[in-house]
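One structure follows; several queries about it will come next.
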Amino acid sequence: MRSLRLPALGAAILGISLLAASLSLHAQTQTKCTYKPSVGQAGKDVIWVPTPDSVVDRMLRMAEVSANDYVIDLGSGDGKIVIYAAQRFKARGQGIEYNPDMVDLSRCLAREAKLTDVVRFDQGDIFKSDFTQASVITMYLLPSLNLKLRPILFQKMKPGTRVVSHQFTMGDWQPDETSVVEGRSSYFWVIPANAGGSWRMNWGTGRGEAGGDLSIDQTFQKIEGKIRFGVIEATLREPRLRGENISFDMMDEQGVLRTFTGRIRDNRMEGTATGPNNSTIVFTAVRNGPPPPIRGVSE
């Protein structure tokens, strides 16, 4: 076998280096994001205005985003919110955007950030898309679109889903929190379970089983209720609903004030109640019939 002469070896190494450099330059050219969107450019229903980084950070902190979350941005534009959620909070995510050029830009930016394994961007109409897998939903839409979206959120999203909107509210659905950063408002909600209707409630008191008929009225995430046992009827004190978690204070028929904390799953409620000396009892409740519509959602 002939040995490779040193000059030939040097030429071979030089050739390999040039090829590698060429491939590297080609790869950089392929991933460089060249599309430059302009503020105010038209979309399907809105114009594109980017959300400032400080507002994006606050929105995601309001939603308490973590690595356990799947964030979906409705009308995702250049993908900033989804990419930031992945970079800063290690969350997986998805953007839904109507403009195909913006979708391509988002995908390119995700490649540059090396996030293609945790984020994705889809071209589509948000009102025809499935986003039910989200644990956090973000948006920067017009008030009319927020109102159109509102019943979809209540009907399709799992209780406990967190929703954050930049700049615009959801009509008379009062937010759980409002933040203002550099003059820009963000609004935060938690999708509530349906707690309304009539329930048969039972709990153990140490004197045997006790219980009563519980009725709850619900408007969005706000609840009020009363319970009847025998000839006594009492209103619930400080009732609160957050996602599927419900809590309230109630004075039972023995005159004992207890704090009830439980979880609603479909037509069943269960949890514990704390009484005097931090004594704890278990309670359950079963709804009588199907849940009524949540008041206000479609109004």
Side-chain angles (χ1 to χ4, degrees), residues 31-39 41 43-142 145-146 149 152-153 156-158 160-168 170 177 179 181-182 184-191:
T31 60
K32 186 177 180 181
C33 307
T34 57
Y35 178 71
K36 303 296 182 183
S38 58
V39 175
Q41 69 181 30
K44 178 178 180 292
D45 298 302
V46 297
I47 61 172
W48 179 69
V49 178
T51 301
D53 292 351
S54 58
V55 178
V56 170
D57 185 80
R58 184 62 187 180
M59 290 172 68
L60 296 174
R61 290 184 186 279
M62 291 169 76
E64 300 179 75
V65 171
S66 73
N68 297 321
D69 284 311
Y70 193 80
V71 178
I72 295 185
D73 189 24
L74 302 180
S76 53
D78 61 0
K80 174 189 285 189
I81 290 180
V82 174
I83 290 173
Y84 189 91
Q87 290 175 322
R88 181 65 181 83
F89 301 101
K90 309 303 181 186
R92 296 177 301 117
Q94 176 184 354
I96 301 175
E97 167 60 42
Y98 189 79
N99 185 321
D101 292 328
M102 296 296 273
V103 174
D104 288 343
L105 174 61
S106 301
R107 290 170 177 169
C108 181
L109 293 171
R111 286 195 300 272
E112 286 194 343
K114 297 180 170 54
L115 292 171
T116 54
D117 57 335
V118 292
V119 303
R120 56 179 283 188
F121 295 95
D122 296 325
Q123 193 277 328
D125 184 332
I126 62 172
F127 293 103
K128 298 178 182 179
S129 301
D130 179 12
F131 45 83
T132 54
Q133 67 272 41
S135 58
V136 175
I137 288 178
T138 60
M139 65 187 77
Y140 185 9
L141 304 173
L142 294 175
L145 299 179
N146 282 4
L149 187 65
I152 298 174
L153 295 174
K156 295 188 176 182
M157 302 309 298
K158 181 181 177 181
T161 302
R162 288 149 282 158
V163 180
V164 193
S165 172
H166 174 205
Q167 202 68 33
F168 299 113
M170 292 268 188
E177 181 188 342
S179 285
V181 178
E182 299 178 8
R184 292 173 176 261
S185 298
S186 296
Y187 304 94
F188 170 72
W189 300 264
V190 178
I191 301 292

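Just so you know, these numbers use all the heavy atoms, side chains as well, and skip hydrogens, waters and symmetry mates.
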Inset, instruction - With the side chain counted from C-beta on, respond yes when Y84 and D53 share a heavy-atom pair under 4.5 Å apart, and no when they do not. - result: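 Contact flag for Y84/D53 side chains = no.
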
Inset, instruction - Evaluate the side chain to side chain donor-acceptor pair (under 3.5 Å) criterion for residues S179 and R58: first the C-alpha distance (whole Å), next the side-chain angles of each, then the deciding distance (0.1 Å), finally the verdict. - result: CA-CA 8 Å; S179 285; R58 184 62 187 180; 3.0 Å; yes

Legend entry - F121 side chain reached by Q94 side chain, heavy atoms, under 4.5 Å: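 SC-SC contact between Q94 and F121 ruled out.
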
Inset, instruction - Would you give the length of the straight line joining atom CZ of R120 to atom CD1 of I72, rounded to the nearest 0.5 angstrom? - result: 8.5 Å

Legend entry - Any side-chain heavy-atom pair of F168 and Y187 under 4.5 Å: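 F168 vs Y187: side chains apart.
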
Inset, instruction - Can you measure from CH2 (W189) to CE (M157) and round to the nearest 0.5 angstrom? - result: 14.5 Å

Legend entry - Closest non-hydrogen atom pair, V119 against A86: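 Shortest heavy-atom contact: CG1-CB, 3.8 Å.
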
Show me the side-chain donor-acceptor pairs of residues 60-68 shorter than 3.5 Å, one per line, residues at least two apart or across chains.
{"from": "R61", "atom 1": "NE", "to": "D57", "atom 2": "OD1", "distance (Å)": "3.4"}
{"from": "R61", "atom 1": "NE", "to": "D57", "atom 2": "OD2", "distance (Å)": "2.7"}
{"from": "S66", "atom 1": "OG", "to": "N68", "atom 2": "N", "distance (Å)": "3.2"}

Legend entry - L74 side chain near F131 side chain, heavy-atom distance below 4.5 Å: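 Answer yes - side chains close enough.
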
Inset, instruction - Side-chain contact test, heavy atoms from C-beta onward, threshold under 4.5 Å: evaluate it for S129 versus D122 and give yes or no. - result: no

Legend entry - Residues that K156 engages under side-chain contact (heavy atoms from CB on, under 4.5 Å), provided they are two or more places apart: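 K156: side-chain contact (heavy atoms from CB on, under 4.5 Å) contacts with T132, I152.
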
Inset, instruction - Output the distance between atom CE (M139) and atom CG (L149), rounded to the nearest 0.5 Å. - result: 5.0 Å

Inset, instruction - Evaluate the criterion side chain to side chain contact (heavy atoms under 4.5 Å, CB included) for residue pair L141 and I126; output intermediate values, then yes/no. - result: CA-CA 11 Å; L141 304 173; I126 62 172; 3.7 Å; yes

Legend entry - SB check E97 R107 (cutoff 4.0 Å):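 Salt bridge flag = no for R107 with E97.
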
Legend entry - Rounded distance (nearest 0.5 Å) linking atom SG of C33 with atom CZ of R111: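 Going from the SG atom of C33 to the CZ atom of R111 covers 6.5 Å.
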
Legend entry - side-chain contact (heavy atoms from CB on, under 4.5 Å) against P52, all qualifying residues, sequence neighbours excluded: S54, V55, H166, R184

Legend entry - Minimum-distance pair of heavy atoms, taken over all atoms of K114 and D117: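 So the two residues come closest at O-OD1, 4.0 Å.
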
Inset, instruction - Give a yes or no answer on whether the side chain of T138 reaches the backbone of V164 with a donor-acceptor pair at less than 3.5 Å. - result: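 It does not hold such a pair.
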
Legend entry - Shortest non-hydrogen separation from M59 to S186 and the atoms involved: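 Heavy atoms only, the tightest pair is CG-OG, 3.4 Å.
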
Inset, instruction - Check whether any side-chain heavy atom of M170 lies under 4.5 Å from a side-chain heavy atom of V163, and answer yes or no. - result: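 The answer is yes, as the side chains (C-beta and beyond) meet within the 4.5 Å cut-off.
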
Inset, instruction - Look up atom NZ in K36 and atom CG in D101, then write down how far apart they are to the nearest 0.5 Å. - result: 13.5 Å

Legend entry - Minimal non-hydrogen separation, V82 against G95, with atom names: CG2-N, 4.0 Å

Inset, instruction - Return yes if some donor-acceptor pair links the side-chain N/O of S135 with the main-chain N/O of R162 below 3.5 Å, else return no. - result: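 Judged by distance alone, no pair lies under 3.5 Å.
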
Legend entry - Close side-chain approach of Q167 to T51, heavy-atom, < 4.5 Å: no

Legend entry - Heavy-atom side-chain proximity of I191 to L153 below 4.5 angstrom: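 A side-chain contact under 4.5 Å exists here.
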
Inset, instruction - Hey, could you give me the CD/NZ distance between E112 and K32, rounded to the nearest 0.5 Å? - result: 9.0 Å

